[in-house]
Amino acid sequence: MINKTVNNVAEACAGVESGMTLMLGGFGLCGIPECAIGELQRLGVNQLTCISNNAGVDDFGLGLLLQTRQIKTMIASYVGENAEFERQMLSGELEVQLIPQGTLAQRCQAAQSGIPAFYTPAGYGTEVGEGKESREFNGKMHLLEHAFEADFSFVKAWKGDTAGNLIFKGTARNFNPNMCGAAKITVAEVEELVPVGTLDPNQIHIPGIFVQRIFQGTDYQKRIEQRTVRSK
Amino acid sequence: MINKTVNNVAEACAGVESGMTLMLGGFGLCGIPECAIGELQRLGVNQLTCISNNAGVDDFGLGLLLQTRQIKTMIASYVGENAEFERQMLSGELEVQLIPQGTLAQRCQAAQSGIPAFYTPAGYGTEVGEGKESREFNGKMHLLEHAFEADFSFVKAWKGDTAGNLIFKGTARNFNPNMCGAAKITVAEVEELVPVGTLDPNQIHIPGIFVQRIFQGTDYQKRIEQRTVRSK
Amino acid sequence: MALDKFQIAERIAQEVKDGYYVNLGIGIPTLVANFVREDISVEFQSENGILGMGPFPWEGEEDADLINAGKQTITALPGAAFFDSATSFSMIRGRHVDLTILGAMEVAQNGDIANWKIPGKMVKGMGGAMDLVASADRIIVAMTHTNKAGDSKLLSSCTLPLTGVGCVKKIVTDLAVLEVRDNAFHLLERAPGVTVKEIQQATQGTLIIPDEVPEMLKK
Amino acid sequence: MALDKFQIAERIAQEVKDGYYVNLGIGIPTLVANFVREDISVEFQSENGILGMGPFPWEGEEDADLINAGKQTITALPGAAFFDSATSFSMIRGRHVDLTILGAMEVAQNGDIANWKIPGKMVKGMGGAMDLVASADRIIVAMTHTNKAGDSKLLSSCTLPLTGVGCVKKIVTDLAVLEVRDNAFHLLERAPGVTVKEIQQATQGTLIIPDEVPEMLKK
């Protein structure tokens, strides 16, 4: 097997430069590449375009890179629950492209799959459709949407092996698999890095071919955004 | 959970009529819906359009429905290794549409996903591209391809639960997952039908929402087309 | 008297039929799960990647890797499945989800809906709403009949940026149940004790009133 | 002397570099796996849904659920992964596969390839070949230099229906290794004992011959 292991997050992020376009997995704070985000902050690269479903909260996730003004453009579907984000957006400091969540996922998937463009009904007749080609299929209007182009994809998995095979856990899966192989270089951080041959080949969510670098992350906080419980 | 179980293959195939378009999973004889094919032969429905990567061999798989002249049109990517098929095709008795394998898979996937059309580079500049819209993306020509429309999808899985969740084994997975939910009704036959709650929700390949009927198949032959071995 | 949010959810739960896969939006829609009849089989999909969503976890059993689209900790029922976002929207776009219940800031009498943006003021984003409303055959909107300023949210045409066009079929508010067709709101039911006149006053768009308007939630 | 199919495979194996994901077509390409250097890491992808394909199984250990695209029983190496057909072609179309090795009936000097159909005579279908040749950055064709009738398979333009246009970069035949560029076949190496003149006679398309043409497979 081809060994994709790198020693640490610093090696994993080698080559990231200011002005690049980055994809980051996660939904809210669930399944986000915590280590990579921390390293991006440490590196101080700026003028970044970030493609991610959400923008974190004020003091965690992508919110960290907003605090330090490293993000120039945010491409997301939902950005609520983040006061600093709202401030930067409304003041015009931050450029924001909001796109439907399914279109966001499919534009990642299309990039992974070598599909340059596809049609979807989402957003037709709304602001999202302005300036886009539209076309009728089966009596219904659709928009032409394009695959994303990105320099790096940062994803977080539960388990991975040294060949880059990945397994996700629960709803921490979300956008992570769709972003694998969707950028020039895909960096996977995992909670547990295991030797090749440990994972059942039937149960792998993302084969290693879609991953260029893998490392075992450390000090995961895995914050819960809305702790909702039943009392016994 | 919503119970998708039917008692047997006869119930599973209820509603199949002559002239319908059917999708059938499998690659060669690997992972084909053996029970459903047997029932289709017994039902004697004809003038069928079958979408399947291959057309079986003379005496197994879709070859059985060719013998009985139940297939009017075959949509496939590779049809070698089948003398009766070749005879019917060259004589004009059988209509054949050959399409690139990746396009076949993606047209199934698109049908499952509500994507009416997408662009792919496969087949540009060949017979496959004749009469199709073409368009340049990133300096490369692509063809516009459309989602399939089918009445029934017949797939074969390894394990399934009564909610219709499916797990496939080895390379018997192939087109089966992509055809789930790609037709009006998806019928899954499984080697082992287990109660709800038995399968790990992290390891399900196809969630039950894509399956309308599920049953435990019987008398699987699982023929090997090319037995290649090493001798000790 | 106007319904509270639990009663709105209770009324919407009556629209949930045996065998439905249902996507519940954030807010009132989330409450619907609590009122679905016990004797029917229904599965809840959350677009962040779970089918077979269960209730909130017991205290101490929260899992950061198991949330719904509202980022709330949840549980998975036996028979649940997890999947990625693209697969999730295959379920939605491919019309495998039978019923979508979501909130709105405005609904127009032609079925247009607006719920994601107030220009220059509030921009949270559309999340999965645009995919949901563009794809679902059955869409029910759960909302209050009027906004905090007392203005009607059922309009002749939407004033806010749209989420989807001509897609809303049914609306359940604190005052009424309405069907949207033929470019009008058709009054089906009224909240217990609420008069047709009150509903009419709270509805800016065209309201079609039949001779008889039964009360909601009659046992 | 012209190479046999094993020697063609051996020569092609030299093109396989450390870290490559490789798709092997049916026939001679399948043999390439046997000749890849032991000291490099390579993974073989088969488009029916496996990455990390191993050798044929030991007698008695065949599994009907584990085959390659040629429908031969195979094994999976530790670290292998199984996946569906759409994912498989995501790997191919998305250019994640580094090298494609396939057979051909004809190759033209502009890089066109024909390998799926002889009108009115043989129609097996293209299988995954059209996706592979339309997507791969590196495509190597493994074939005999001439067909059974003795006619050249390296042509100024293809006569058979095309599989792909302008995509072939390199050809390894029983007689020679050639690069395809600038609308010509550029002779790189010759089979041991085969003369440049023999290669020229067997090549119908434009052949560019450098001053020196080393022999293949020199140890």
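Sequence lines set the chain letters: A, B, ... in the order given, protein chains first and strands last, and positions in each chain run from 1.
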Engineer: So with a 6.0 Å cut-off around CD of A:Q221, is the heavy-atom count from everything else above 12?
Structural biologist: yes
Engineer: Quick check on D:V97 against chain A: is it the side chain, the backbone, both or neither that has a heavy atom closer than 4.5 Å?
Structural biologist: both
Engineer: What distance do A:H205 atom NE2 and D:T87 atom OG1 have between them, rounded to the nearest 0.5 Å?
Structural biologist: 11.5 Å
Engineer: May I ask you to check whether over 12 heavy atoms, not counting those of A:F137, lie within 6.0 Å of atom CZ?
Structural biologist: yes
Engineer: Select, from A:T198, A:V196, A:D200, A:I206, the one with the greatest count of heavy-atom pairs under 4.5 Å involving chain D.
Structural biologist: A:V196
Engineer: Flag yes if more than 12 heavy atoms outside D:K169 fall under 6.0 Å of its NZ atom; otherwise flag no.
Structural biologist: yes
Engineer: Taking atom CG of D:D18 as the centre, report whether more than 12 heavy atoms of other residues, nucleotides or ligands fall under 6.0 Å from it.
Structural biologist: yes
Engineer: Heavy-atom pairs under 4.5 Å with chain D are the metric here; pick the option from A:K4, A:Q109, A:Q203 that has the most.
Structural biologist: A:K4
Engineer: Identify the heavy atoms of D:A80 and A:I204 that sit nearest to each other, and give their distance.
Structural biologist: O-CD1, 3.5 Å
Engineer: Testing D:M91, D:Q45, D:H96, D:E43 one by one against A:P207 for a side-chain contact (heavy atoms from CB on, under 4.5 Å), which residue passes?
Structural biologist: D:M91
Engineer: Where does A:L199 contact chain D at under 4.5 Å (heavy atoms): side chain, backbone, both or neither?
Structural biologist: neither
Engineer: Could you look at A:N202 and say if it's the side chain, the backbone, both or neither that has a heavy atom under 4.5 Å from chain D?
Structural biologist: both
Engineer: Do you know which two heavy atoms are closest between D:Y21 and A:A163, and how far apart they sit?
Structural biologist: OH-O, 4.3 Å
Engineer: Let me see the working for D:L51 and A:F210 under side chain to side chain contact (heavy atoms under 4.5 Å, CB included), right down to the final yes or no.
Structural biologist: CA-CA 11 Å; D:L51 194 71; A:F210 294 119; over 6 Å; no
